[in-house]
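A short worksheet on the structure shown next.
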Amino acid sequence: MNRETIGKISFLSNHYWASKRRAGFHGLAQSFLDLGWSVQFVTTGLSRLSFLKGDPRTSRLKHVPMNRWANCSDGVETLVYCPPVHPFTRKSGVNVITDSAFATLYRALVPQRLCVGVSDSDILVFESSAALLLFDQMREAAPTAHFVYRVSDDVRVIGVAQSVLDCEDRIVGEFDLISVPSRKLLSTRFGSQTAARFHPHGVDLDRLLAASEGAQPKLKRPACVSLGTTLFDQELLAICANARPDISFYIIGAVPQERRFDKGNIIWTGEQPFTQALKMARVADLTAAFYRAEPGTEYLAETSNKMAQYAYYQKPILGPRHLASAQRLVNFVPVDPPTEDGAKAAIERALAMSPPEAPADLVLPWASVRDKIVAELWARLEQPNLTGPA
């Protein structure tokens with residue numbers, strides 16, 4: 001593709017474009033759309049079994065046609081790939097044989113209209129998710145496209161199916177560019193890959209600004225707001241809520257009913273429209289990133305969407321102590337030790353803070369991230385020995 005010309009880009013993600021939740025892939029795709037690219041957004045990691053298992057994403061998909069392209073009012077072309085089965089996460093107890101069989105079917109049942117739709121794409125961007133399983137099919141469908149792996153998370157940490165882990169190992173060296181938003185993750189997981197580059201996480205500045213306008217929500221004071229449910233740690237929430245029963249903890253996100261617990265000062269809001277969730281964080285007295293302390297999750301200190309948003313609003317942030325070592329935000333307050341006494345001390349310190357503006361490189365607009373990715377991709381492709389299969 002001529003770099004002087006706006007082209008076509010396709011994103012393969014486990015997110016749904018019209019979801020209430022706005023993840024990093026939404027922001028990155030929007031930044032290309034804003035520049036004038038033709039944008040496709042393909043949802044992966046779903047199957048008919050997802051509706052039976054109560055996957056939170058399915059609540060937005062009950063009336064969405066599956067396995068066919070749809071044109072959104074904003075100009076994005078979307079497709080939800082939903083075969084009868086898909087590989088389950090490691091935590092679901094599925095055995096190796098079943099996982100392998102489901103992965104094989106998941107690859108084999110890709111609809112022809114998906115392949116035809118992406119065939120003229122200039123760039124295909126894969127999320128660290130079940131999207132990786134479609135690499136071979138997309139390579140065959142779009143042989144002249146450039147392939148980018150945007151590593152939103154470490155697949156070895158977030159609990160994906162073993163077939164996805166195996167697939168990443170097999171294909172990671174075939175990408176034209178591996179875009180990693182964490183220096184720690186870059187060095188520990190992709191240090192041997194010549195195509196790997198550091199491109200920081202971004203924030204949706206337009207939406208962050210929009211959340212400052214109009215009517216603002218009224219929260220019970222003092223209020224602590226927690227956005228999102230990735231690797232959500234109910235135990236850390238319970239410790240903080242028990243330590244300060246006078247604080248109202250607003251938990252925004254699709255936490256399943258069976259994982260919620262009754263406590264007078266915890267408000268389970270469910271998923272909220274993105275701007276409304278931002279408004280709640282903006283007016284909160286403090287915010288929280290209740291991540292579970294699992295091995296390898298330290299990279300979240302650099303890639304957490306919610307913490308970047310909190311930092312933009314200059315809010316104190318409660319979080320687990322294992323993220324403190326990789327943390328650059330001075331307003332991050334670890335609950336250390338993770339006990340009620342530790343929580344009391346952390347909350348007191350957080351409430352007494354007057355956080356400064358976050359460093360500019362920690363609240364980069366997605367347009368800046370987009371430009372870094374595109375510039376690095378062209379720079380690599382201009383080197384004769386790094387042009388890849390395209």
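The figures that follow rest on heavy atoms only: side chains count, while hydrogens, waters and symmetry mates do not.
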### R113 backbone acceptor or donor facing W69 side chain under 3.5 Å
yes

### R197 side chain vs K372 backbone, donor-acceptor pair below 3.5 Å
no

### Task
Look up atom CD1 in I251 and atom CZ in R259, then write down how far apart they are to the nearest 0.5 Å.
11.5 Å

### Message
As an exercise, state the distance from CG of D204 to CG of L278, rounded to the nearest 0.5 Å.
### Response
8.0 Å

### Message
Both conditions, 6.0 Å and 45 degrees, for the charged tip of K306 above the ring of Y291: are they met here?
### Response
yes

### Query
Heavy atoms, side chains only, cut-off 4.5 Å: are R207 and T275 in contact?
yes

### Query
For the atom pair CD1 (I266) and SG (C240), what is the distance rounded to the nearest 0.5 Å?
9.5 Å

### Query
Between the side chain of R183 and the main-chain N/O of E302, is any donor-acceptor distance below 3.5 Å?
no

### Task
Spell out, as yes or no, whether a donor-acceptor pair under 3.5 Å connects the side chain of Y81 to the backbone of V110.
yes

### Query
Is E258 atom CD crowded by more than 12 heavy atoms from other residues, nucleotides or ligands, each under 6.0 Å away?
yes

### Message
Please report the interatomic distance CG(L236) to CG(L318), rounded to the nearest 0.5 Å.
### Response
8.0 Å

#### Entry: Partners meeting ring-ring contact (aromatic ring centres under 6.0 Å, His included) with F249 (sequence neighbours left out)
none

#### Entry: R107, E168, H86 screened by side chain to side chain contact (heavy atoms under 4.5 Å, CB included) with L133, the one that passes
R107

### Query
Parallel under 30°, tilted from 30 to 60°, perpendicular over 60°: which one fits the rings of F175 and F135?
perpendicular

### Task
Compute whether any side-chain donor of one residue and acceptor of the other, for S19 and R57, lie under 3.5 angstrom apart.
no

### Task
Please check if the side chain of N67 supplies one atom and the backbone of C82 the other of a donor-acceptor pair under 3.5 Å.
yes

### Task
Please check if atom NZ in K220 has more than 12 non-hydrogen atoms from other residues, nucleotides or ligands closer than 6.0 Å.
no

### Message
For a quick test of reading the model, state the closest non-hydrogen atom pair linking D120 to K8 and the distance between them.
### Response
OD1-NZ, 2.5 Å

### Query
Taking F126 as the fixed residue, which of F147, Y149, F11 is the one that meets the ring-ring contact (aromatic ring centres under 6.0 Å, His included) rule?
F147

### Message
With heavy-atom distances below 4.5 Å as the criterion, would you say the side chains of C72 and F41 are in contact?
### Response
no

### Message
Using a strict threshold of under 4.0 Å (side-chain N to carboxylate O), is an ion pair present between R221 and D285?
### Response
yes

### Summary
Heavy atoms of Y313 and L208 approach each other most closely as OH-O, 2.7 Å

### Query
Would you call K184 and D154 a salt bridge, taking side-chain N to carboxylate O under 4.0 Å as the test?
no

### Task
Would you check if the side chain of R370 reaches a backbone N or O of S31 as a donor-acceptor pair within less than 3.5 Å?
yes

### Query
When rounded to the nearest 0.5 angstrom, what distance separates CD in Q193 from CD in E174?
10.5 Å

### Query
Just by modelled atom types, is the W17 backbone N or O under 3.5 Å from a matching donor or acceptor in the R22 side chain?
yes

### Task
Return yes if some donor-acceptor pair links the side-chain N/O of S304 with the main-chain N/O of M307 below 3.5 Å, else return no.
yes

### Query
Which pair of non-hydrogen atoms, one from A281 and one from L227, has the smallest distance, and what is that distance?
CB-CD1, 4.2 Å

#### Entry: Nearest heavy-atom neighbours spanning H201 and R150
CA-NH2, 3.8 Å

### Query
Using the ring of each side chain (for Trp, its six-membered ring), is F32 parallel, tilted or perpendicular to W37, with breaks at 30° and 60°?
perpendicular

#### Entry: Spacing of CG belonging to L185 relative to OG1 belonging to T297, to within rounding of 0.5 Å
11.0 Å

### Query
Hey, are T44 and N14 close enough side-chain-wise for a donor-acceptor pair under 3.5 Å?
yes

### Query
Any idea which heavy atoms bring V85 and L49 closest together, and the distance?
CG1-CD1, 3.7 Å

### Query
Do the charged groups of E271 and K20 touch, with an N to O distance under 4.0 Å?
no

### Task
Would you check if the distance from the ring center of W366 to the ring center of F25 is below 6.0 Å?
no

### Message
Around atom CD of Q216, are there more than 12 heavy atoms from other residues, nucleotides or ligands closer than 6.0 Å?
### Response
yes

### Summary
Minimal heavy-atom distance between F261 and A238, with the atoms involved, is CZ-CB, 3.9 Å

### Message
Quick check against the 3.5 Å criterion: does Q40 have a side-chain atom that pairs as donor or acceptor with the backbone of G117?
### Response
yes

### Query
Would you find a donor on one side and an acceptor on the other, under 3.5 Å apart, between the side chain of S163 and the backbone of S100?
no

## Note on the structure
Across all chains, not counting sequence neighbours, the ring-ring contact (aromatic ring centres under 6.0 Å, His included) partners of Y16 are none

